[in-house]
Amino acid sequence: QVQLVESGGGLVQAGDSLRLSCATSGLTFSSYFMGWFRQAPGKERTFVTAISQNVGNIYYADSLKGRFTISRDNAKNTVYLQINSLHPEDTAVYYCAARTSADSSSYWYAYKYWGQGTQVTVSS
């Protein structure tokens with residue numbers, strides 16, 4: 001059974017930093033392109049960032065470059081999302097997702113497996 005479990009979210013103040021983790025099991029992690037998406041209240045799920053299997057390729061949503069950093073540890077079957085200088089508009093549920101292709105995608109439906117999400121709330 002494939003599982004993706006996010007953690008690290010919480011209530012923070014504007015300007016703070018967070019590191020989200022997504023621990024996976026039941027899949028060959030090193031074979032999967034991993035992505036992070038987020039969904040704000042009343043809005044669609046949107047692409048944040050993605051990382052290739054061998055870490056050779058990393059993609060970010062244009063509007064989020066600079067404050068977000070994705071990384072992965074294939075030995076620990078875990079992908080991370082570092083978020084610096086958090087803004088209130090970063091408030092959302094953050095999801096990690098796994099894609100079998102060697103190519104990135106910013107479309108949520110291109111990812112096969114999903115975690116349950118972790119809530120990030122940023123107060124001003």
Side-chain angles (χ1 to χ4, degrees):
Q1 180 181 359
V2 174
Q3 287 191 313
L4 282 67
V5 181
E6 301 95 336
S7 61
L11 173 62
V12 297
Q13 293 187 337
D16 287 350
S17 297
L18 276 179
R19 188 193 195 202
L20 308 182
S21 300
C22 173
T24 72
S25 61
L27 54 74
T28 305
F29 180 73
S30 59
S31 297
Y32 283 80
F33 215 109
M34 298 300 297
W36 285 94
F37 288 74
R38 68 183 185 180
Q39 187 165 16
K43 296 187 177 181
E44 295 184 350
R45 190 169 300 189
T46 58
F47 174 76
V48 176
T49 179
I51 187 169
S52 64
Q53 289 84 339
N54 62 2
V55 196
N57 294 293
I58 293 176
Y59 304 87
Y60 294 97
D62 288 341
S63 61
L64 301 179
K65 288 180 180 177
R67 296 190 298 116
F68 290 73
T69 304
I70 190 172
S71 61
R72 67 188 293 163
D73 186 335
N74 286 346
K76 295 183 178 180
N77 297 333
T78 301
V79 62
Y80 305 96
L81 179 64
Q82 176 73 35
I83 314 174
N84 296 326
S85 188
L86 279 152
H87 302 163
E89 52 266 35
D90 294 321
T91 294
V93 177
Y94 284 74
Y95 299 90
C96 69
R99 170 172 162 81
T100 55
S101 173
D103 299 321
S104 179
S105 176
S106 60
Y107 297 102
W108 65 265
Y109 51 77
Y111 290 76
K112 184 174 182 179
Y113 299 113
W114 289 84
Q116 82 291 347
T118 186
Q119 176 71 49
V120 172
T121 303
V122 185
S123 64
S124 57

For the student: nearest non-hydrogen atoms of Ser85 and Ser17, plus distance = N-OG, 3.9 Å
What are the two closest non-hydrogen atoms of Leu4 and Ala98, and how far apart are they?
-> CD2-N, 4.0 Å
So which heavy atom on Asn84 is nearest to which on Gln82, and how close?
-> OD1-NE2, 2.9 Å
Leu64 with Val122, same ILVMFWY side-chain cluster at under 4.5 Å | yes
Heavy atoms, side chains only, cut-off 4.5 Å: are Tyr60 and Ile70 in contact?
-> yes
Which of Thr24, Asp73, Ile51, Leu20 passes side chain to side chain contact (heavy atoms under 4.5 Å, CB included) with Val79? It is Ile51
Over 12 non-hydrogen atoms of neighbours within 6.0 angstrom of CH2 in Trp114 | yes
Could you state whether Phe47 and Trp36 fall into the same hydrophobic cluster, counting links through intermediate Ile, Leu, Val, Met, Phe, Trp or Tyr residues with side-chain heavy atoms under 4.5 angstrom apart?
-> no
Nearest non-hydrogen partners of Val2 and Gly26, listed with the distance = CG2-O, 3.4 Å
Spell out, as yes or no, whether a donor-acceptor pair under 3.5 Å connects the side chain of Gln13 to the backbone of Leu86.
-> no
Heavy-atom closest pair (Ser21 atom, Thr78 atom, distance to 0.1 Å) is CB-CG2, 4.3 Å
Residues forming a side chain to side chain donor-acceptor pair (under 3.5 Å) with Asn74, sequence neighbours excluded = Arg72
Counting only heavy atoms not in Glu44, do more than 12 fall under 6.0 Å of its CD?
-> no
Group every Ile, Leu, Val, Met, Phe, Trp and Tyr by side-chain heavy-atom contacts under 4.5 Å, then state whether Leu81 and Tyr113 land in the same group.
-> yes
In this structure, CD of Gln119 is separated from CG of Leu11 (nearest 0.5 Å) by 9.5 Å
Atom CZ of Arg99 and atom OH of Tyr109: how far apart are they, to the nearest 0.5 Å?
-> 10.0 Å
Same cluster (ILVMFWY, side-chain, under 4.5 Å), Ile58 and Phe29 | yes
How are the rings of Tyr111 and Phe37 set to each other: parallel, tilted or perpendicular (split at 30° and 60°)?
-> perpendicular
OG (Ser124) and CD (Glu89) are apart, to the nearest 0.5 Å, by 10.0 Å
Answer yes or no: is there a donor N or O on one side and an acceptor on the other, between the side chain of Thr49 and the main chain of Tyr59, under 3.5 Å?
-> yes
When clusters are formed by joining ILVMFWY residues with side-chain heavy atoms under 4.5 Å apart, either directly or through shared neighbours, do Val55 and Phe33 land in the same one?
-> no
Hey, is the main chain of Cys22 close enough, under 3.5 Å, to the side chain of Glu6 for a donor-acceptor pair?
-> no
From Leu27 CG over to Gln3 CD, what is the distance, rounded to the nearest 0.5 angstrom?
-> 10.0 Å
Minimum heavy-atom separation for Ala92 to Arg38, with atom names?
-> CB-CB, 3.9 Å
